[in-house]
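Contents: one structure, followed by commentary.
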Protein chains: 2
Amino acid sequence: METTSQSDAAAPPRAPLTRKRVLDTAVALADEGGVDALSMRRIAQALGVVPMALYKHVANKNELLDGMVDVLVGEIDPPVDGVGWRTAIRRRVLSARRMLLRHPWAPAVIETRAKARAHPTPVMLAYLDSMIGIFRAGGFPVDLTHHAMHVMGSRLLGFSQELFEEGSGRGPEPDALPPEEMAARFPHLTELATAVAHDRESVVGSGCDDQFEFEFALDLTLDGLDRLRAGG
Amino acid sequence: METTSQSDAAAPPRAPLTRKRVLDTAVALADEGGVDALSMRRIAQALGVVPMALYKHVANKNELLDGMVDVLVGEIDPPVDGVGWRTAIRRRVLSARRMLLRHPWAPAVIETRAKARAHPTPVMLAYLDSMIGIFRAGGFPVDLTHHAMHVMGSRLLGFSQELFEEGSGRGPEPDALPPEEMAARFPHLTELATAVAHDRESVVGSGCDDQFEFEFALDLTLDGLDRLRAGG
DNA sequence: ACCTGAACACCGTTCAAGT
DNA sequence: ACCTGAACACCGTTCAAGT
């Protein structure tokens, strides 16, 4: 195959390769053919680039998947002011659902990413923080907000299990944010995490009691169903 | 490498290869190294068998994954009699949760399998049918049972989205059960499906209104949270 | 008729050789 | 210093050649 020109007027550089272009192309390919059909080689081909060129913008395929999830979280509508917590949460969750319907491969990828990484990306943290902020502004005390986030879990982003597992002794991740920056950027998340940690200061693990949270959510659901049943 | 013997007293045949042995080994390998580390070649190696030998017992890797999910569903405790619907559902869901904790790779696989297949395996159908049966026996009318199954969705088996998508015009699957067998083996499921179809006989699609179901579950959850908040 | 080794068309990623 | 082709160690699956 011949190049279009060998003169110094080179072929149009087709826009420089950027992280955003790589991630957007990856998302588009996954939308078309599912995540199984997604490969580094195919993304490169779609961008008219040699496979190795991608590695300048993403460390490896796992990090590419993290980046893709960030793109999706960015598609969720930002919270609206002045409408009350319930309307704000409801709109946000329905926006997240619309995003998931556009990208049916997303829940499975998010599920595996949440299990594989010790902690979520900053984009994900910002989403969770903003969601917590809505509950807090709506008059929910910290502990009920904590339960509420667990209850909403599977509806917030298509997760079925807990949002993020504990680091489980793997030690701090290399790309963890310093605590001060965490507190500054994600104040609601920090407040909640601090309250939870203080709550169980005498317990070994500083994380949530996942079993309790699961049963709390389950009982809330069963209560609701029972009420409907009794009401006819 | 030499064979242990060339005499007619052959090496112990290590138990004949069966579908169950293939699936159990696959589940064990996934438990150890995650689903990414699972390959046909590795399963074969663990069984001391040539890779192609597996294809006598599973059609391909996707069908292997379906079989693995069936193994997991089989680990959920059967329903208990004489305890009331609420206790029965609660125990069952908590048993499903324990299964998921034993196999952290399961939700992502179930998620992808539910999206890839047009309909669930008979084992999965039996699980869902039995769950519906508990609600019905507990006095829930069919339509409320329908909503309840959607509400419980993500807790029933770690699904986040709808349990199974509509066939979406792909036509009947080759391995679909004939309607009479469906009705005989899964009576509750059939009753519910019939009621739903009748409900929307004037609508084109015969499936559920997923959007309605999602909002129903969301509002049930929000009602419960609001009640707790108001109660202090 | 049954089984299986080699082969095919892929993968993600490394690395040394080019510019 | 930067970029990249070939190569490495894998995949799932086909298929023809063996018994």
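Values reported hereafter were calculated over all heavy atoms of this structure, with side chains retained and with hydrogens, waters and symmetry mates removed. Every chain is numbered from 1 and lettered A, B, ... according to where its sequence line falls, protein lines coming before strand lines.
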Distance, rounded to the nearest Å, where [X] contributes [atom1] and [N] contributes [atom2]:
X       : N      : atom1 : atom2 : result
A:Lys56 : D:dC2  : NZ    : P     : 7 Å
B:Leu64 : D:dT13 : CG    : P     : 9 Å
B:His57 : C:dT4  : NE2   : C1'   : 15 Å
A:Glu63 : C:dG12 : CD    : P     : 15 Å
A:Leu17 : D:dC3  : CG    : P     : 10 Å
A:Leu54 : D:dT4  : CG    : P     : 11 Å

> B:Arg92 and B:Asp77: side chain to side chain contact (heavy atoms under 4.5 Å, CB included), yes or no, with the steps?
Replying inline: CA-CA 6 Å; B:Arg92 206 92 198 284; B:Asp77 293 337; 5.6 Å; no
> Quick one: what's the B/S/- string for nucleotides 6-11 of chain D, heavy-atom cutoff under 4.0 Å, read 5' to 3'?
Replying inline: -B---B
> What would the secondary structure line of DNA chain C be in dot-bracket form, counting Watson-Crick and G-U wobble pairs under 3.5 Å, with [ ] for pairs that cross earlier ones and | for pairs with another strand?
Replying inline: ||.|||||...|||||.||
>> What I want to check is whether the side chains of A:Trp105 and A:Asp36 have a donor and an acceptor closer together than 3.5 Å.
In response: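 Short answer, no.
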Do [X] and [Y] make a side-chain contact, defined as non-hydrogen atoms from C-beta onward lying under 4.5 Å apart?
X        : Y        : result
B:Ile76  : B:Arg98  : no
A:Arg136 : A:Ile132 : yes
B:Leu64  : B:His57  : no

> Any ion pair linking A:Arg102 and A:Glu75 (charged N to carboxylate O, less than 4.0 Å)?
Replying inline: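 Looking at A:Arg102 together with A:Glu75, the answer is yes, because their closest N to O distance falls below 4.0 Å.
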> Charged N to carboxylate O under 4.0 angstrom, A:Arg113 versus A:Glu63?
Replying inline: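 So A:Arg113 does not pair with A:Glu63 through a salt bridge.
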> Between D:dT4, C:dG12, D:dT13, which nucleotide gets closest to the side-chain atoms of B:Tyr55?
Replying inline: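 Given the options D:dT4, C:dG12, D:dT13, the side chain of B:Tyr55 is closest to D:dT13.
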>> side chain to side chain donor-acceptor pair (under 3.5 Å), that's the test. Do A:Asp66 and A:Thr121 meet it? Break it down for me.
In response: CA-CA 7 Å; A:Asp66 283 337; A:Thr121 65; over 6 Å; no
